[in-house]
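What follows is one structure encoded as structure tokens, with my remarks underneath.
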2 protein chains.
Amino acid sequence: MKQKGEGLSARKQLILRTVVESYIENGEPVGSKFLCDCGKFTCSSATIRNEMAELETLGYLEQPHTSSGRIPTETGYRFYVDLLLQNYNSAAGDVERIKSALREKRAELDSILTQASRLASTLTNYTGVALRPGKGNAAFAKFEAIYLAPRSLLLVMIREDGTAKTRNLRTDTDLLPEDAKTLSAALNACLSNVPAHQITLPLMMKMEEMCPAAPVLVRMAVKSVYEAASEGESGDVRLEGMDRLLGYPEYADTESIAGLIGLGDSKTELLDIVAQSEEGEEDDGEVKILIGSENRLGALGSSALVYKTVRRGGKIVGAVGVIGPRRMKYQNVISMVDSLANGINELISDDAPPLLPEKGEGKTSDD
Amino acid sequence: MKQKGEGLSARKQLILRTVVESYIENGEPVGSKFLCDCGKFTCSSATIRNEMAELETLGYLEQPHTSSGRIPTETGYRFYVDLLLQNYNSAAGDVERIKSALREKRAELDSILTQASRLASTLTNYTGVALRPGKGNAAFAKFEAIYLAPRSLLLVMIREDGTAKTRNLRTDTDLLPEDAKTLSAALNACLSNVPAHQITLPLMMKMEEMCPAAPVLVRMAVKSVYEAASEGESGDVRLEGMDRLLGYPEYADTESIAGLIGLGDSKTELLDIVAQSEEGEEDDGEVKILIGSENRLGALGSSALVYKTVRRGGKIVGAVGVIGPRRMKYQNVISMVDSLANGINELISDDAPPLLPEKGEGKTSDD
DNA sequence: GTTTAGCACTTGAACTCATAGAGTGCTAAA
DNA sequence: TTTAGCACTCTATGAGTTCAAGTGCTAAAC
């Protein structure tokens, strides 16, 4: 991932950078005359033309039509963006501002991310994106059945990381508050840290023995646990402020917007990216940028994605970022996304991760 | 809400109906010659022209340009749709099919609605919509603090209707399992069925007295309850399969799609509709149709919304439907939406509403 | 009174043609 | 290596034309 553009002469680099910036600013192809007149160069337009022709053969620039100015290619943007990231020192100036904006809505991670996505959209005028990877088929660490009424219980299932899921159980026969306690005990004894696929019939029978009072209840409870564990949190993607993109000329035609809408609908593609960066060797916790069709993200089409993962105690729990046209104002967006993610990181870390006592250490016992 | 078009002659009605159906089918303005040749009429095109001119002055038809065929106006569609609804007898044939498709994912209402929305989109090839109204500032009926670790608790807050919310609490000092019980008792004693705005300082002090062991914990818990109660479930809107709409010519330009995207983003407008139909005198539990800018739903633009509310025990708990172009295949869509909503109704009603024992009967005691 | 035939009229869509403008590539000179 | 100049390419724009569809209206027919 070293600088690809190292071989470029200083002038070529300057030209490339200027083309990118000008195109980002104006959205129009950049011609040699324009560059010549912009004051950054001492040479003539002809020289610039020659240089640009070379930059084109090198793959950094391209022409929409034979007789129009140049626009950056994907690799052109990549060069520019890598340059930016290299020189970017987390200003951290607006972290405070963003943090305070988020703190208003101190709540669960879920709603923080949604807020963040909205904030990202507002601050950059692109589409904000927030995502939370699925929790695979996470097992539950602890259970508690709460007695609500003679025929209804609330089953609380708590994961290792403290997040919980609830499910209502309703029986045909009357129960006593004691039954809830017995059920809790049985669940905790048999299903604690057992992943969905290990919930088998023998287990169920063992549990029924423990709760002779209400075998039907046990069966319902186990079924609920099984379902809740196997459906997992399927992960979630929030796209906010999609309509802002419609203001940009690159989304004038329906084609281009279609991909994005599909992205919001399918939701799996974006999740794959984060999952990928999670297992990838090189998630250095910095802002990452995907341009166009890099990394087989088809639906991103001609857009770019700038994002940063959010962590709690070293583990990736989500990501926030921005989706916009390829000619995005990367400077602002990078620093904004960085600050935003940092803000969330601080927020959820001093919110302190409520953890269960270490038990099975992730891996489950296979008794 | 009686038939507006009662005054129309049989032939005018037939013409109107045929225009609507043909326009729905082909998406092109309908001319007199086409109608004449379609076999339904014995008169000449000139006669039809005359009739159509009248239908235009009556407001049922309009011409995009002076010299093109006619297309239905909003009232034109309304006439057609009312006719359909009038003659529609819940076929209930495919309820079973839909129900079984849904039963696969037997889960909480939330996920049922999402599934339903996706199903609606697939079956009709329009955009599926599912919404769940917000639960105002609903108070909680019952609380339970679950001891997780010496410094962390899980607070479970349960509403009258059995739905629950959880929140993690984390303290700086070690707690005992007994503290969780005391806290639960105090919360149940003081905050049960108290709406957010009635959670005041005196109450908080009273509770601290009840839990002398950990005043900080009480303060955190009350704060969490207050936040959870006041933020309520803000309601939710799911739009699935928006990209399908892009295939229809009416969404060829960006303008028209913009409104829909905004609809998905803001989410409040659609919720307002259901809220409105909830309090409205005339929610007869049947399929309802909103066309274009009827009922001040600006963002719907040139689209139409077909939906039906979902109930549990008589109370509206959500709605499912379809958004598509004005020239939607209403016949299919109406029956599909009806079946879908019925399927959900059955599903969640034999899933049985787990209720708390009647206590404050909605109104809260103001001690 | 209602229906029909015929005709003039309007209008949008599609096509061609010409022009202007922008920017290039290339060659030859500095 | 840079520059000046020039021919070339391509797009966007606008005017002019034709074509087809469909109407509105009038006068005749049932």
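All values below come from the heavy atoms of this structure, side chains included, with hydrogens, waters and symmetry mates left out. Letters go in sequence order (proteins before strands), and every chain restarts at 1.
With respect to the salt-bridge test (charged N to carboxylate O, under 4.0 angstrom), the residues B:Glu250 and B:Arg326 do not qualify. For B:Arg78 and B:Glu74, the salt-bridge test fails: no basic side-chain N is under 4.0 Å from an acidic carboxylate O.
Side chain of A:Asp338 to main chain of A:Ile334: no donor-acceptor pair is present (N/O by atom type, distance under 3.5 Å, no hydrogens or angles).
The CD1 atom of A:Ile48 sits 18 Å away from the P atom of C:dC26 (whole-angstrom rounding). Atoms NE2 (A:His65) and C1' (D:dT9) sit 12 Å apart, rounded to a whole Å. The distance from atom CD of B:Glu54 to atom C1' of D:dC25 is 15 Å, rounded to the nearest whole Å. Rounded to an integer number of Å, the gap from CD of B:Glu56 to P of D:dC25 is 11 Å. One interatomic measurement links the two molecules: NZ of B:Lys12 to C1' of C:dT3, which rounds to 14 Å at whole-angstrom precision. Rounding to whole angstrom units, CD1 of residue A:Ile15 and P of C:dT24 are separated by 11 Å. In this structure, the CD1 atom of B:Ile71 is 13 Å from the P atom of D:dT23, given to the nearest Å. In this structure, CG of A:Asn50 is placed 13 Å from P of D:dA4, rounded to the nearest angstrom.
When distances are taken from the side chain of A:Ser67 to each of D:dC10, D:dA21, C:dG12, the shortest belongs to D:dC10. Ranking D:dT2, C:dA22, D:dT23 by closeness to the A:Thr47 side chain, first place goes to D:dT2. Out of D:dT3, D:dT11, C:dT3, the shortest distance to the side chain of A:Cys43 is found at D:dT3.
Base pairing analysis places C:dA30 opposite D:dT1; the two distances defining the Watson-Crick or G-U wobble pair are each below 3.5 Å. Base pairing of C:dT10: its partner is D:dA21, meeting the Watson-Crick or G-U wobble criterion (both donor-acceptor distances under 3.5 Å). In this entry C:dG1 has D:dC30 as its Watson-Crick or G-U wobble partner, both defining distances falling under 3.5 Å.
Residues B:Arg244 and B:Thr127 bring no donor and acceptor atom of their side chains to less than 3.5 Å of each other. Side-chain contact of B:Ser302 with B:Tyr251: a donor-acceptor pair under 3.5 Å is absent, judged by distance alone. Under 3.5 Å, the side chains of B:Asn125 and B:Tyr248 contain a donor-acceptor pair of N or O atoms.
Counting any heavy atom pair closer than 4.0 Å across all strands shown, B:Ser45 reaches no nucleic acid atom.
In terms of polar N and O atoms assigned as donor or acceptor, the side chain of A:Ser44 never comes within less than 3.5 Å of the base of D:dT3 in a complementary pairing.
Checked against A:Arg11 for a side-chain contact (heavy atoms from CB on, under 4.5 Å), the options A:Thr47, A:Thr42, A:Leu16 give a single hit: A:Thr47.
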Mind listing the N/O atom pairs, protein and nucleotides 5-7 of chain D, below 3.5 Å?
residue : atom : partner : partner atom : Å
D:dG5   : O6   : A:Arg49 : NH2          : 3.1

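For the pair B:Thr66 and B:Thr42, nearest-nucleotide mapping onto DNA chain C gives the more 5' position to B:Thr42.
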